[in-house]
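Working notes, structure below.
What you see is a predicted model; the values in this text were computed from it and never measured. In listed order, ligands and their atoms are each counted from 1.
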Amino acid sequence: MREHCGVIGILSLDGHNVSSMLLTGLEALQHRGQESWGIAVGRHSPYRKMGLVSQGLEEDYGEISKLAGNVGIGHVRYSTTARSNLKNAHPLEIGGSGGFSIAHNGTVDREPLIRDLKQGGWLPPMGMTDTEMMGLGLYQTVRKQKDWREAFERFNPKINGSYAIVILTTKGELIAARDERGFRPLCLGWHEETSSYIIASESCALDAVGARLIRDVQPGELIKVDRNGLQEQLFSVKEKHAICPFEYIYFAHPSSYIEGVNVYSARKNIGRLLAKKYPLVGDVVVPVPDSARPAAVGYSEESGIPFEEGLMKDRYRRKGSWRSFIEPEKREEVIFNINSIRRVIEGKEVILVDDSIVRGTSSKIIVNKKLKNTKKVSMLVAFPPITYPCYVGIDFPTQEELLAYRVCRTTQNLAEVNQKVAREIGVSFLGYNDVDGLSIGIGIPKDQLCLSCTMGDYCCLRYKPEVRTREEMKS
Ligand code: SF4
């Protein structure tokens, strides 16, 4: 299973029931995954449900309210390759009694894990997900080592990919770990009223429960919380990290802080840099809702061209609040729920700002259907051209799906890419950000960012995973 999701784990040292905080935290992480969710609390078996957390609470409140304990983990899921069904929802139980429940955000290559399990004389059944394989490998290792840090130190070299995980053991311990490159975010917080340590994918989950952010979990760090308190240990150190910039541009919540950088500020900075790089003439700056809004504000402030909400998502319709990238099969349906504000755009020269272009489907619909009565549309894109697949957790796994690759292959000539993609989408001008602008805008050096999908350099992985089609990956 290769996923991009949200995780949370809470342990109250005072013995408070953490269920409601887990649920509140998961709702705050809902933007990271809307297909299924689950929690494992105390000694209860994991409760898992398809759909949104709020829907599940409405339908099953009686059952959910029986889940009580001073420690628990939770997960919201957005599947990228394994099937979206209840069986694959997290937390997953590993190892039966004496084992643990695990929730995973990231993508782990299954092939080395299969080889490892086979070497141990065990053939993983068809359809076993990467999280289950990783969990089983960890379970076997920790049973031998009797110590979580040592188990991670030993098992980590067999893991090719990204992971930010939380684990609930049957002894009532909360374990959290982040891969040594730090692809996916993970942070540590403290909730004063209940004396709880909280680990979460993003700090917006801490805000939601009234906890304070202590710090990011470091790449290669293991955190263990039990009734005696917190233990922080490194199991692997790599000088070069590979923080995913797509988190800042699209995926994470604007209020979150990742590596000390506020996501909203990063997006706005990038808008300002785009205004310097591409000083266009226009009547209004319009964002593609919702994640491009801060970049559009930044562009508007720097250029002096008024910011206007020319496109708005209808949040009251079924798919209005769903995110188009997360719902690839229903992308057109999502985009059709964006309304144009005609008074803002009609007859105007519009500077359209978007967070990224992956497949180009939604950009074309917006330009051709939602902005058709404008005088002219120019487009700016916060993320550089995406021409290579992501193997570490974002759902653009096949190169042939990527618009920039389809029209330009892997050329690094930005002017050429701008021109060809502009023609394909149907705008007068298109200007992509470049990797320098991305790094400066976020405020993290290039050598600490993963740039694989735009540069094609996969050195942040142990080795480049096997390229497969979307259908092969779903099987
Ligand atoms: S390949 Fe792209 S989307 Fe995937 S982790 Fe790296 S930067 Fe993020």
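Checking Asn88 against Thr129 by side-chain atom types alone, no donor-acceptor pair falls below 3.5 Å. Using a 3.5 Å distance cut-off with no hydrogens or angles, the side chains of Thr24 and Glu27 do not pair a donor with an acceptor.
Relative to the six-membered ring of Tyr405, Arg409 meets both conditions, a distance below 6.0 Å and an angle of at most 45° to the axis.
The aromatic rings of Tyr163 and Phe235 lie parallel to each other, their planes meeting at an angle below 30°, with 60° marking the opposite boundary.
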Subject >> Residues Tyr299, Tyr278; criterion ring pair (Phe, Tyr, Trp, His ring centres under 6.0 Å); working and verdict >> reply: CA-CA 10 Å; Tyr299 191 96; Tyr278 299 111; 8.6 Å; no

Original post:
Given His241 and Glu259, is the side-chain hydrogen bond (donor to acceptor under 3.5 Å, both in side chains) satisfied, shown in steps?
Top reply: CA-CA 11 Å; His241 297 149; Glu259 309 297 325; over 6 Å; no

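Protein residues having at least one heavy atom under 4.0 Å from any atom of ligand 1 are Arg184, Cys244, Pro245, Phe246, Cys390, Val392, Ile394, Phe396, Cys450, Ser452, Cys453, listed by chain and number.
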